[in-house]
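Right, one structure below, let's go through it.
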Amino acid sequence: MKLGKVTLLSAGPGALDLLTLRAARVLSEADVLLVDDLANPDIATLAPQARVIAVGKRGGCRSTPQAFIERLMCRLARRGAHVVRVKGGDALMFGRAGEEMRALRLAGVPVEIVNGVSAAFAAAAGLGMSLTHRDHCAGVTFVTAHRQDGTAPNWAALAATGTTLAIYMGVHRVETLSETLLAHLDAATPAAAVQWAGTAQERRLVTSLGRLAQDVRAGDFASPAILLVGGAVGEALAVPHADASTDAVIARAA
Ligand code: SAH
C-alpha cells in the first residue's frame, strides 16, 4: 500500500485570512484533519473533502493524550492518508511539533511543515508595535511561563537579555511572573496583554510591568493571551489604532 504523509499545518492565530496560500492548498489536498482546540474550527471549510477529528490539548481541560495522537497519525499515514495536523499559531512554537516529528520519523512516516503566524506576531500587529524596535532592544525572546516539568523559566536571565519578552501561557500566573520579573526590571517597563490576538474578539491592554497583574485581572484577561514586556512595547502607546472597531482596552502606563 502507498505510504501517506503528515503535514503539521500552522493555522495562525484564528482569522482564516491569516493562513498562508500554502496552507490553503495543503488543506484542499488533505484526507484527514486532526484539529487542535486553539485552531479555528472553520478551517475545515477549506478541506470539505477531509474527515475531521478534533484532538484538543488545552491546558487544564480534558484532552486527547499525546501518545494517542501520535499513534493515530502514524496509523492513518501508513494506510496511505495525507494527514494534516492543524495547530494554532505557528506549528513550531510551543506546539509539541518536535515530539510529533520525532515519533513520525521513527515510524518512517514522511512529515512536512507549513508555517503560519504565531500569536506574538498577531499581538504585536494589533498593538501597532515592532517586537524588535532597534531603539529599545536587540531582539525578542519567545518563552513559555509553563514548563512541562513544572519549573519556571530563568526570569533573571531572560530579563538580563534586554530583549522584548513574548510570554506564552503566562496569563494564569501573571501575579507570580510579574513579581519575579520586577526583581530584575523597572516597574515602569512597558508591558501588554493581548487576548485572542488576530481574531475578531481581540482585546488589548497596554500598561507597565508594575501594574500588569492588577490590570490583567481588572480587565478579565484570560487564556488564550500573550504577555509582552520590554521597552519596545512602549511604542504601542504612541501609535493610535487604525481599527477602532475592535474591543480595545487601553490603559496608560503608570
Ligand atoms: N503555536 C501557538 C502557541 C501554542 S501555545 C502559536 O504559535 O501561537 C498556547 C498559547 O499561545 C496560549 O496559552 C497563548 O499564550 C498563546 N496564544 C495562542 N493563540 C493566541 C491568540 N489568538 N491570542 C493570544 N495568545 C494566543
Side-chain angles (χ1 to χ4, degrees), residues 7-20 23 34-43 54-61 63-64 66 69 84-101 113-129 131 140-148 150 152-153 158 164-178 181 191-206 212-213 215-216 219-229 233 236 243 246-249:
T7 305
L8 303 183
L9 184 138
S10 309
L16 291 188
D17 61 355
L18 281 176
L19 285 168
T20 63
L34 300 184
V35 184
D36 242 28
D37 52 11
L38 269 183
N40 181 347
D42 291 348
I43 201 163
V55 286
K57 286 222 56 89
R58 195 90 180 256
C61 300
S63 62
T64 315
Q66 184 65 20
I69 297 173
V84 175
R85 170 87 164 103
V86 180
K87 291 171 177 286
D90 187 277
L92 303 182
M93 191 78 84
F94 306 123
R96 298 165 203 246
E99 289 148 73
E100 294 181 7
M101 286 190 283
I113 308 291
V114 175
N115 290 118
V117 177
S118 189
F121 293 91
L127 292 164
M129 56 164 278
L131 289 167
V140 53
T141 303
F142 303 98
V143 61
T144 174
H146 174 70
R147 301 193 58 199
Q148 172 91 345
L158 290 165
T164 305
L165 300 181
I167 305 167
Y168 290 68
M169 294 170 270
V171 79
H172 320 290
R173 52 207 105 210
V174 62
E175 285 85 4
T176 43
L177 183 161
S178 49
L181 277 175
V194 183
Q195 183 178 16
W196 289 119
T199 74
Q201 295 83 47
E202 178 171 311
R203 296 172 69 231
R204 305 182 282 258
L205 166 78
V206 182
L212 181 65
D215 287 349
V216 159
D220 219 7
F221 279 72
S223 183
I226 281 278
L227 303 174
L228 296 170
V229 178
V233 181
D243 180 6
T246 55
D247 179 19
V249 182

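Just so you know, ligand 1 is whichever comes first in the structure, and atom 1 is the first atom listed for that ligand. Values below: every heavy atom of this structure, side chains too, minus hydrogens, waters and symmetry copies.
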[X] neighbourhood, listing ligand 1 atoms whose heavy-atom distance to it stays under 4.0 Å:
| X | value |
| --- | --- |
| V194 | 24 (C) |
| I226 | 24 (C), 25 (N) |
| F94 | 4 (C), 5 (S) |
| P13 | 22 (N) |
| G88 | 1 (N), 2 (C), 6 (C) |
| M93 | 1 (N), 2 (C), 3 (C), 4 (C), 7 (O) |

Please report whether ligand 1 has a polar contact with [X], defined as an N or O pair separated by less than 3.5 Å (distance criterion only).
| X | result |
| --- | --- |
| A225 | yes |
| A197 | yes |
| D90 | yes |
| M169 | yes |

Item to complete: Write out the residue and atom name of the closest protein heavy atom to atom 9 (C) of ligand 1, then the distance separating them to 0.1 Å.
Response: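 The closest one turns out to be L38 CD1, 3.6 Å.
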Item to complete: Provide, to 0.1 Å, the distance between atom 11 (O) of ligand 1 and the closest protein heavy atom, together with that atom's residue and name.
Response: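 It is Y168 CD2, 3.4 Å.
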Any idea which heavy atoms bring [X] and [Y] closest together, and the distance?
| X | Y | value |
| --- | --- | --- |
| V174 | A213 | CG2-CA, 3.9 Å |
| R85 | V55 | NH1-CG2, 3.5 Å |
| L127 | A192 | CD1-CB, 3.7 Å |
| I69 | E100 | CG2-OE2, 4.4 Å |

Worksheet item: Does A119 approach ligand 1 within less than 4.0 angstrom via side chain, backbone, both or neither, non-hydrogen atoms only?
Response: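 It is both parts that get close, each with some atom under 4.0 Å.
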Discussion item. Under 4.0 Å, heavy-atom basis, I'd like to know which part of T144 is in contact with ligand 1: side chain, backbone, both or neither.
Written reply: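 Neither; no heavy atom under 4.0 Å.
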Has the side chain of [X] got a donor or acceptor atom that lies under 3.5 Å from a matching backbone atom of [Y]?
| X | Y | value |
| --- | --- | --- |
| T199 | Q201 | yes |
| D90 | G116 | yes |
| S118 | G89 | no |

Item to complete: Going by the side chain to side chain contact (heavy atoms under 4.5 Å, CB included) test, name the single residue among L228, L165, T164 that passes it with V140.
Response: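 Going through L228, L165, T164 one by one, the side chain to side chain contact (heavy atoms under 4.5 Å, CB included) with V140 is satisfied by T164 alone.
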Fill in: Selection from P224, A123, S118 by shortest heavy-atom distance to atom 7 (O) of ligand 1
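Shortest heavy-atom distance from atom 7 (O) of ligand 1: S118.
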Worksheet item: Less than 4.5 Å apart, any side-chain heavy atom of I43 and any of L9?
Response: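 Yes. Closest side-chain heavy atoms under 4.5 Å.
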Item to complete: Check side chain to side chain donor-acceptor pair (under 3.5 Å) between R147 and all other residues, then give those that pass, not counting sequence neighbours.
Response: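 With neighbours one apart ignored, the set is empty.
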